[in-house]
**Student:** 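Got a structure for you, written out below as structure tokens; questions coming shortly.
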There are 2 protein chains.
Amino acid sequence: MDWSSQQPGSAGNVVYSRLKHQILTLELPPGTVLSEKEMSMVFQMSRTPVRESFVRLAQEGLVLVLPQRGTKVSLIDSELVEEGRFMREQLERAVIRLACEHFPEEMLIALDTNLAMQQESMEKRDDQRMFDLDEAFHRTLFEGCRKLGTWAVIQQMNSHLNRSRMLWLSTDQHWNPLYEQHKEMVEAIRRRDPNHAERVMKMHLNLSISNMEVLKEKYPNYIK
Amino acid sequence: MDWSSQQPGSAGNVVYSRLKHQILTLELPPGTVLSEKEMSMVFQMSRTPVRESFVRLAQEGLVLVLPQRGTKVSLIDSELVEEGRFMREQLERAVIRLACEHFPEEMLIALDTNLAMQQESMEKRDDQRMFDLDEAFHRTLFEGCRKLGTWAVIQQMNSHLNRSRMLWLSTDQHWNPLYEQHKEMVEAIRRRDPNHAERVMKMHLNLSISNMEVLKEKYPNYIK
DNA sequence: GCTACCACACTTGTATGGTAGCATTGAACT
DNA sequence: AGTTCAATGCTACCATACAAGTGTGGTAGC
């Protein structure tokens, strides 16, 4: 939820968003210890804004603050991954049904251009960009249904799910079927076929499930 | 999401939870200006932990901090109310279907005792307690399906919805049909009848919709 | 060699003073 | 009378100092 306002350039905000990004991209792997002092030196500022960002990250479950002992990037919690998947499935299925009833034209166009960029990125084998485009695609669905707040909440709950997907991405990823399903969903919205759209969405989300068992075996230190 | 850890008795936490409670119960009405200094005097502590709690409340959208001007309790945002309702409906419908497939016995018993207390509170006309019991009832549904994280996220998104319900409560409230529906849902879970359970849940949530138009007329200063 | 203990180097939590920016007021000016 | 603008008092923001808890390594005593 990003209505945290405050001036975007404030010291506290830059370290917050920077750290958040690094955590979500696994640049800061789960379990990394952080320390307010160390970060204050890295970012060339006092402890206060750093601490502030730690508090916000803790609020979102991205870091774990242990009083008087230290702060570390939270491990990926399998339960939360499953819950995130569950929640996302319910909401996305509902939203795409909404989209079939009413969806603004300009948003449909946005989806088209997004699809084009997906194809391009796929050929370039640019996984990170593909990941971002995938996210933007779904986000646009919510935006078109005026449900951006819902999307924000999903994002928050899915910090754990997304990190596991990020791990999964490095092991193996076939974008093609996902892309095809994206196209199929847009067509279904144009045809105003909620049942078909919902069915594709359900399959789509099941495809991007990462197998936690395998991940836990491969990256035991990252997963709780 | 309350895995913000930190020692529960820390100064920052007490002011955070106290303020949060006061905001959600409208003890601090929307639009109230807060000021770090003032609160630090009220709670007999320095500005630092107060400021920290402000940051956390802002993260949840409960207060709005305007950089060099002040901090005030956020107005009830009609869009967020609608989104909260939407999100809650989707997730509760899905969860009660899950509950019909599998629900631990002790949780069913918890629902029974909750129902008994609801009846008692209804006779006593204790609206606030009824409100809390209602919340506990739904929370138990999520708990039984191991979806407490989802419930936490709903609660967060619903801070605006709940405040509007709190307003609505003071104008007019008929608990009886809600109570009957609660009973009916428990029965449906026992019978393992997902379709009926979901239908009742849908009606149930529609009942507790507060009419934003009316509210906006009655409390124009509270609503955006 | 083993254990108990203590000093020290960390950590986060809290207090406080100073800074920059916004808003209001009121006086000077047109 | 209406307008401009500077003084003033407010705010959140940040830096710094101190307090208090935790873990660790070294050392004295056995």
Side-chain angles (χ1 to χ4, degrees), chain A residues 1-20 23 28-75 221, chain B residues 2-20 22-23 28-75 221:
Chain A
M1 209 125 19
D2 257 1
W3 41 59
S4 34
S5 79
Q6 290 154 342
Q7 41 206 346
S10 81
N13 273 2
V14 300
V15 49
Y16 165 74
S17 39
R18 182 99 187 87
L19 283 181
K20 180 167 181 175
I23 292 174
L28 287 173
T32 311
V33 299
L34 286 182
S35 152
E36 297 174 358
K37 191 171 196 175
E38 181 198 346
M39 285 330 244
S40 73
M41 292 193 297
V42 171
F43 286 98
Q44 300 268 21
M45 59 181 72
S46 89
R47 269 184 53 210
T48 307
V50 173
R51 174 174 173 74
E52 187 174 298
S53 72
F54 278 23
V55 169
R56 293 169 69 183
L57 292 170
Q59 187 87 350
E60 296 187 49
L62 290 177
V63 305
L64 198 64
V65 176
L66 303 104
Q68 270 72 25
R69 286 197 281 167
T71 300
K72 64 184 181 59
V73 177
S74 64
L75 300 185
N221 314 358
Chain B
D2 256 1
W3 42 59
S4 34
S5 77
Q6 290 155 344
Q7 38 206 346
S10 81
N13 273 1
V14 301
V15 48
Y16 166 73
S17 39
R18 182 99 188 86
L19 282 181
K20 179 167 181 175
Q22 289 188 332
I23 292 174
L28 287 173
T32 310
V33 299
L34 286 181
S35 149
E36 297 175 358
K37 195 182 221 169
E38 180 197 348
M39 284 329 231
S40 71
M41 293 194 295
V42 170
F43 286 99
Q44 300 269 17
M45 61 181 70
S46 87
R47 301 195 318 271
T48 306
V50 172
R51 171 173 172 74
E52 192 169 291
S53 71
F54 278 19
V55 168
R56 293 168 68 184
L57 291 170
Q59 186 86 350
E60 298 187 47
L62 289 177
V63 306
L64 198 65
V65 36
L66 303 104
Q68 258 67 18
R69 287 190 281 161
T71 301
K72 63 181 179 57
V73 178
S74 63
L75 300 185
N221 312 357

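So you know, we letter chains A, B, ... as the sequences are listed, proteins then strands, and number each from 1.
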**Student:** What integer distance in Å separates A/Met41:CE from D/dT16:P?
**Tutor:**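 Value for this atom pair: 13 Å.
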
**Student:** Under 4.0 Å from OP1 or OP2 of D/dA12: is there any side-chain N or O of B/Thr71 that close?
**Tutor:**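 Yes, B/Thr71 has a side-chain N/O under 4.0 Å of OP1/OP2 on D/dA12.
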
**Student:** Of the non-hydrogen atoms in A/Phe43 and A/Val15, which two are nearest, and what is the gap between them?
**Tutor:**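 Shortest heavy-atom contact: CE1-CG2, 3.7 Å.
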
**Student:** Nearest whole Å is fine: how far is D/dA15 P from A/Glu52 CD?
**Tutor:**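 In whole Å, D/dA15 P and A/Glu52 CD are 11 Å from each other.
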
**Student:** Over how many whole Å does the gap from B/Glu38 atom CD to D/dT11 atom P extend?
**Tutor:**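 To the nearest whole Å, that distance equals 8 Å.
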
**Student:** Between C/dG13 atom P and A/Gln68 atom CD, what is the distance in whole Å?
**Tutor:** 6 Å

**Student:** What pairs meet the side-chain hydrogen bond (donor to acceptor under 3.5 Å, both in side chains) rule with one or both residues in residues 33-50 of chain A, with sequence neighbours excluded?
**Tutor:**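 Residue pairs passing side-chain hydrogen bond (donor to acceptor under 3.5 Å, both in side chains), neighbours aside: A/Glu36-A/Arg47, A/Glu36-A/Arg51.
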
**Student:** Measure the distance from CZ on B/Arg56 to P on C/dG13 and round it to the nearest whole Å.
**Tutor:**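 Value for this atom pair: 10 Å.
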
**Student:** For B/Ala58 and B/Val65, which heavy atoms make the closest approach, and how far apart are they?
**Tutor:** CB-CG1, 3.9 Å

**Student:** Closest-nucleotide mapping onto DNA chain D: is B/Leu34 or A/Ser46 further toward the 5' terminus? I mean the 5' end.
**Tutor:** B/Leu34

**Student:** Give the rounded distance in Å between these two atoms: CZ of A/Arg51 and P of D/dA17.
**Tutor:** 18 Å

**Student:** At under 4.0 Å, does any side-chain N or O of A/Ser35 touch on OP1 or OP2 of C/dT11?
**Tutor:**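 For C/dT11, OP1 or OP2 has a side-chain N or O of A/Ser35 closer than 4.0 Å.
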
**Student:** If I take atom CZ in residue A/Arg69 and atom C1' in nucleotide D/dA20, what distance separates them, rounded to the nearest angstrom?
**Tutor:** 15 Å

**Student:** Just wondering, do A/Gln59 and B/Glu60 contact through their side chains at under 4.5 Å, heavy atoms?
**Tutor:** yes

**Student:** Quick one: are B/Arg56 and B/Asn13 in side-chain contact, heavy atoms under 4.5 Å?
**Tutor:** yes

**Student:** Of the nucleotides D/dC14, D/dC13, C/dG13, which has the atom closest to the B/Glu36 side chain?
**Tutor:**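 In terms of side-chain proximity for B/Glu36, the closest of D/dC14, D/dC13, C/dG13 is D/dC13.
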
**Student:** Take the C1' atoms of the five end pairs on each side of the helix from C/dG1-D/dC30 to C/dT30-D/dA1, derive the two axes, and give their angle rounded to 10 degrees.
**Tutor:** 20°

**Student:** Does any N or O donor sit under 3.5 Å from an N or O acceptor when you compare the side chain of B/Thr48 with the base of C/dT16?
**Tutor:** yes

**Student:** Just do the side chain to side chain contact (heavy atoms under 4.5 Å, CB included) check on A/Leu34 and A/Leu57 with the steps written out, would you?
**Tutor:** CA-CA 12 Å; A/Leu34 286 182; A/Leu57 292 170; 5.6 Å; no

**Student:** Using whole Å, report how far NZ of A/Lys37 lies from C1' of C/dG13.
**Tutor:** 15 Å

**Student:** How would you list, by chain and number, every residue that makes a side chain to side chain donor-acceptor pair (under 3.5 Å) with B/Ser74, sequence neighbours excluded?
**Tutor:** B/Arg163

